[in-house]
Every structure is written in C-alpha cells, then in structure tokens.
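Below: one structure, written as structure tokens.
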Protein chains: 2
Amino acid sequence: MTDEALSAGAVARRLGVAVTTLRTWHQRYGLGPSEHVPGHHRRYTPADLIRLETMRRLTANGVAPAEAARWAVQAPNAALPGPGPRTERRGTRDGGGATIPVGRSGPAARGLARAAMRLDSNAINEVIDHAISTDGVVVTWDTLLRPVLAGIGERHAATAALIEVEHLVSRCVSEAFAAVVRAHAPHGPPRILLSCADEEQHSLPLEAFGAALAEAGIAHRLLGARVPVRALLEAVNRTGPAAVVLWSQTRSTADPTQLTALLAGPNRPLLVFAAGPGWRADSLPAGVVRPVNLAEALSLAAAVRDSLDQSAAG
Amino acid sequence: MTDEALSAGAVARRLGVAVTTLRTWHQRYGLGPSEHVPGHHRRYTPADLIRLETMRRLTANGVAPAEAARWAVQAPNAALPGPGPRTERRGTRDGGGATIPVGRSGPAARGLARAAMRLDSNAINEVIDHAISTDGVVVTWDTLLRPVLAGIGERHAATAALIEVEHLVSRCVSEAFAAVVRAHAPHGPPRILLSCADEEQHSLPLEAFGAALAEAGIAHRLLGARVPVRALLEAVNRTGPAAVVLWSQTRSTADPTQLTALLAGPNRPLLVFAAGPGWRADSLPAGVVRPVNLAEALSLAAAVRDSLDQSAAG
DNA sequence: TACGAGTTGCGTCGATTCATGCGTCGAATT
DNA sequence: AATTCGACGCATGAATCGACGCAACTCGTA
C-alpha cells in the first residue's frame, strides 16, 4: 500500500518550514529519514514524521534547536517538560535565522516568535494558552506577548514585511484573551468600560486589560478600536460605567478633549483612565489617572470595584 | 443494459489523451474500469467516465496527477469550475421602526438586536453561542448574524450612530467564531489559507468561513484583514496551501491582479477562491472559483480536504 | 556599549533523481 | 483485421540533492 512515504516538500509544507531547513536539520542534527541513500530523494516515514513533529513542538516552546533535535532523535514522543523554564544553559547559544528579535525575553518568547514565523497558529495558540494558564494574563502580556509583538512591529516597520505574521499573531492573542474572558464567569454587572480613543486602531492592549480584569473576577465592557467620541459618550450615557479606560497607542490619537468630554458628560464616570503611551502626562485634565502598566491599571480597577461594593453595602 | 461500455480508444479520444495513458493511469493509480479481467479489454462504464473526467479536469488545472487520481477515485464529482447553481434571491423588506432593522429574520435576530442596543455583551454571547450550537455556523451566519450586522451597518451608515454597537457585536461574533475554532480539534496540517484582499477591512465573513471549516473538521489558516498582496504571496510561498480564499467585500478592493499573482506564484495553490460580493464574475482569471455563499464554499473546501498531500509517494 | 563568536533558518546554484505522458513491440482479444 | 493488452523505454519538466553562503539573532567579552 502507499504507506505514507512523504517527500521532502510535502513534509516541509506540513511542518511549515522550508525544504532547505529539513535538509539542514538532517545534515546538522541527523534528524532525517531513517533510511536514506545519499544522493537519492528523502522519503519520510510516519516514524520520521513523529520525530520531526516533536522537533517542531520543542522549538515552538523555546527549546534551542540543537537541543530539541537531540531530544527528538532519542525520545520521539516526548511531552513538553513540565517544569519548563529550567533549561540547562550550559555552553549552548541560541541563534537567529530569519526570526523576530525578542532579546532576553525568555525561551517562550523565542518559541512564540518561531511559531509565528511559520504562521503556525496551532503552535502559537498552544504557547499562549500555556503561558496564560501558568503565569496569568498580566505576566504573559508583559514578558511574552508584548515583546514578541513589539519585535514583529519593529521588523515590519523597517522592512514592510511580516505583515501577515503580525496579523496572525494579533488574532491569536485576541482569541486567547477572548477565551480567558469567556472562561471566567463574570459575576455582577460590568461597571468598567474599555474603549480605544478616536481613530486608535490598536485594541490588543485593551483586550489584555479586559482579560486581566476577567481573570481577577471583574466584569467589564469592551468597545474596541476606532471609537468616535460621540459613540463613546453615547455608550457612557447609556450604560453609566463607574470607570472608563481610554487607550491611546500613539500621540496622534491622544486628544485630551476626549477625556474632558467624558468628565463633562451628564453621567460622569467615577474614574477615567488615560491608558497607553500616547497620552502626555502634562496635558491631562484633572481627575484623570494615568496607569503606567497593566499591573497598575489592574490594581486601580480593583480599587474602584471595592469602593463600589462598599458604597453599595453602606 | 450495456450502457455505453466504451472501449479504451473511444474514451481516450473523448478525453483527449493517448490510449496508453489510460492504461498507465489504471496501472499506476488504480484509476480504471470498475470491473476488469486482466488480459481482457477494458470497458469503461459511465461512472468510470465521470472519474476520468474529474481526473482530466484536475490535472488540467495543475493538480499533481497522483494526487488528482486519488481525489478522482474518492470524490468523483468534485465541482471545480463554472458558475454554481442559481442563488435564491429574494427581496427582503424590513419593517423598520424599532431599533435595528433585522427584517423577518426570526425572533432570535430581534433578541440579538435588542441585546446589542443595550451593549450587553453577555446576552449577545449567549444568543450567538446558543444559535451556533443549535443550528451550526452556516445557518447561524446566514439567518442570524448577517442580517443583524447588515441592519446595524445600514442604520449606522444612515445616521452615523450605533458605531459602538457595531463594534461590540462584531467583536462578540468574532469571539464566538474563535471559540468554535478552538473547540474543534483540527486534525492534520492547515492546507487552506483564508485572507482578506488588499485594503479589505471586513474579515468577519472570513472568520465565519473559518468557523464553518473547523466545524467540518477542516483545518485552516486565517490571516485577517488588510493583507497586502506581497504579504499574501509571502504567506502562500512559505506555507504552500492547497487552497487560498480571498475575500473582497466591496468592488473597490476586488482587484483581479491579486488572483493572477496568486496563480502565477512559484508555489501555486491548487485552488483559488474569489469569495465575497466584491468580485465581478467576468473579470476573474481562469482557474479561479467563485462560490456564491458559505455553503457552497464549504463543500468546495471539503473536496480539497481529501487530498492528503503525498504527491511524491512511491 | 560595541564587537566578535556561535547558531540557525533559508535562498541560490548546478547536478541529479523522479514522476508522468506517451510511443513501440509481440501476443492476445474482439 | 482492427484494437487492445501488458511490458518496457524514452523524453521532459518538476522536485530535490548537496554545497555554499548570507543575514540576523544571542551572548560573552572587552
């Protein structure tokens, strides 16, 4: 029968790597077809595929390729090491290739970057979900997602490439946050409104905040990107939130008028957050807080929730 | 009833291939007359003819013969080109009056519209999730989500209001689809690439398609909105998908050049879908399929799924 | 902080291997 | 007598091979 003897190209497509990479893996690490006559085409058996799949999974989790290959050859079906971060860093150096600069952000970030380059949404989801369930939303955002996204953005701003990578990763992150929100039952009505500033396109940080809130048991309402001032005021007026978070990524979208309008409305929220690097500290109207990072925003939001509970109880 | 038991020569003439090729196809791929005694002449029944016709059509479209043969044996009637059956077109007249015009789309749509007006994401999620788990993605999209979204869009185009409602509902829908994708384990590598056309902002229909694919057990890769041609080609080149779906919502984003570029690339996909109302049927290059609705696109994609790529199997 | 060494993914090039359509030949079928 | 059968072989284009090199990232060191 046609016992799945895949050619190099087929395997490469299946794994999401280039054909030349398969050859390199074979030559450098001995990770190739079990039987191969030099000069002839490579024929990968199912067993070989399992080995390569292990290789892929390990590298997607940040294990250095050389080490991952050694592992894949010896124990083809090795599950991910539970402890994880305890990678013996002796002598082995990590390299690059066509990757995404993540600097010293840990092996998980490197793995995520690698999976992203391959457009491997499964691996991306795996890494993100694992990180969130292990370290929580805030830590994952600060140490894994933001560095990788920043790296992609940096690269893509410079070379106008990687746009598709950025889209894919953004969407995976968005989905992961959505899953967090859905997983945590929101008890109580949402009293916190999250919205992007007018014209602001980046809603991912807001979604991170939303997920963090959900994780902390705080219900919220997320409007999304590009919310015109009128729509925002309309929403505030209709839902009467206790706090409003307005995100601005770049200076051009950080019009303080929006904040003023929020405070001047008929249904004035108790607290207004000017979040994001776009806002300038000196031009903010009084009564607006400016959290510097996710953790601070979260603790502020928790304070709002508590004060509401108190006032409701009293 | 010897219904047209054609001889090898007759079939060969009809298909435009040599007689020996028919023999080769039989020996190499098992694609021959259903009943054949070795040594005797081959007698092709009409059913065999259909199979051969599929084989010819696929190979004519650039499918690797071995793959095409496997495909032809399994799914003899895989529709490839040509206009699909006529669409049921019915002028829906919306009653208007209330908040969001949903027409006669059932009570669920009305409930969804009402929850949307309240910006009540919990209720929105509830309605959507229930509909999807009851009726499936395709029906939910066609009878619930699309009408409501269209209603919101219509209203907001007229009055410049409801923008926040549209955002919220869009995001909820997006999350629901993402949840569907995550719930269904994708077995096998994603061989179908979904992408918006250049400049195209609406990705929700694509996400619906992705969810429908996942529901049917077909893995896919979704790039998202606003994918420049270069990025799309890059992705195709790197991942080598069997099929590419390019969505265009409005005519202004439906540049046929993108399709041509896809077909001309070095790693030409097996099938290209021009999806969405933006495309004009008469300006599509040859070899491009234009599904008229979600259901048709889904059945086409299902045909692609069966082609496990082992094109170089010995 | 800057620089060099070590890693790694992948593009490129000329040569080789493979898959595939089809022609040819002697024997068998119709 | 006209085809067709099975087997074999050939020409050709696509895929792959091995070798080499490049670019880019990380990390230790000056």
Side-chain angles (χ1 to χ4, degrees), chain A residues 5-13 15-29 31-33 36-44 55-56 59 62-69 89-107 109-110 113-114 117-118 151 154-155 158-159 161-162, chain B residues 5-13 15-29 31-33 36-44 55-56 59-60 62-69 234 237-238 240 266-268 309-314:
Chain A
L6 295 176
S7 73
V11 173
R13 237 169 292 133
L15 289 181
V17 300
V19 186
T20 45
T21 300
L22 281 186
R23 234 177 300 149
T24 304
W25 285 0
H26 189 185
Q27 298 169 199
R28 286 186 183 151
Y29 315 125
L31 189 62
H36 174 241
V37 207
H40 279 215
H41 286 190
R42 292 175 175 79
R43 284 289 131 86
Y44 291 87
M55 172 76 174
R56 188 199 61 82
T59 54
V63 182
E67 198 170 348
R89 187 56 52 110
R90 66 180 153 191
T92 58
R93 253 163 226 252
D94 285 338
T99 47
I100 296 165
V102 295
R104 303 168 161 79
S105 301
R110 209 167 310 120
R114 234 183 290 256
M117 279 304 293
R118 288 203 314 266
E154 194 177 302
R155 197 17 114 267
T159 65
L162 291 193
Chain B
L6 294 174
S7 71
V11 174
R13 227 167 298 126
L15 289 181
V17 298
V19 188
T20 43
T21 301
L22 284 186
R23 235 176 297 145
T24 306
W25 285 358
H26 189 185
Q27 297 169 201
R28 285 185 183 152
Y29 315 125
L31 188 64
H36 173 242
V37 221
H40 283 218
H41 284 193
R42 293 175 175 80
R43 283 292 133 85
Y44 290 89
M55 172 75 175
R56 193 199 58 80
T59 53
V63 184
E67 203 169 340
E234 183 74 18
N237 188 35
R238 256 215 306 283
N267 218 335
R268 183 184 185 286
D309 75 333
Q310 38 183 164
S311 58

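In what follows, chains are A, B, ... by sequence order, proteins preceding strands, each numbered from 1.
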Spacing of A/Leu6 atom CG and A/Leu15 atom CG [to the nearest 0.5 Å] | 9.5 Å
Hey, could you give me the CD/OG1 distance between B/Gln27 and B/Thr20, rounded to the nearest 0.5 Å?
->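 Taking CD in B/Gln27 and OG1 in B/Thr20, the distance rounds to 10.0 Å.
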Can you check whether [X] has a side-chain N or O nearer than 4.0 Å to OP1 or OP2 of [N]?
X	N	value
B/Tyr29	C/dA19	no
A/Ser7	D/dT16	yes
A/Arg42	D/dG18	yes
A/Arg23	D/dT16	no
A/His40	C/dC18	yes

Test of understanding: with side chain to side chain contact (heavy atoms under 4.5 Å, CB included), list the residues that count as partners of [X], not counting sequence neighbours.
X	result
A/Ala68	A/Met55, A/Leu58, A/Thr59, A/Val63
B/Arg43	B/Ala5, B/Ser7, B/His41
A/Thr21	A/Val17, A/Ala18, A/Trp25
B/Val19	B/Ala8, B/Ala12, B/Arg23

Measure the distance from [atom1] on [X] to [atom2] on [N] and round it to the nearest whole Å.
X	N	atom1	atom2	result
B/Met55	C/dA19	CE	C1'	12 Å
B/His36	C/dT30	NE2	C1'	13 Å
A/Gln27	C/dG9	CD	P	13 Å
A/Arg110	D/dA24	CZ	P	18 Å

Axial bend angle, the helix from C/dT1-D/dA30 to C/dT30-D/dA1: five-pair end segments, nearest 10° |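 That helix gives 30° between its end axes.
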When all nucleic acid strands are considered with a 4.0 Å heavy-atom cut-off, which category describes B/Arg28: base, sugar-phosphate, or nothing?
-> base
With a non-hydrogen cut-off below 4.0 angstrom, is A/His26 in contact with a base, only sugar-phosphate, or nothing?
-> nothing
Distance-only donor-acceptor test, A/Thr24 side-chain atoms vs C/dC10 base atoms, 3.5 Å | yes
For B/Ala66 and B/Tyr29, work out which heavy atoms get closest and say how close.
->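 That closest heavy-atom pairing would be CA-CE2, 4.0 Å.
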If you take all heavy atoms of B/Pro33 and B/Arg42, which pair is closest and at what distance?
->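 Reported closest heavy-atom pair: CG-CB, 3.5 Å.
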Between B/Trp25 and A/Ala18, name the one whose nearest nucleotide on DNA chain C is closer to the 5' end.
->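 Counting from the 5' end, the first nearest nucleotide belongs to A/Ala18.
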Shorter than 3.5 Å, N or O on both sides, protein versus nucleotides 14-16 of chain C: list them out with atom names.
none

Assess whether side chain to side chain contact (heavy atoms under 4.5 Å, CB included) is satisfied between A/Leu22 and A/Tyr44, documenting all intermediate values.
-> CA-CA 11 Å; A/Leu22 281 186; A/Tyr44 291 87; 3.9 Å; yes
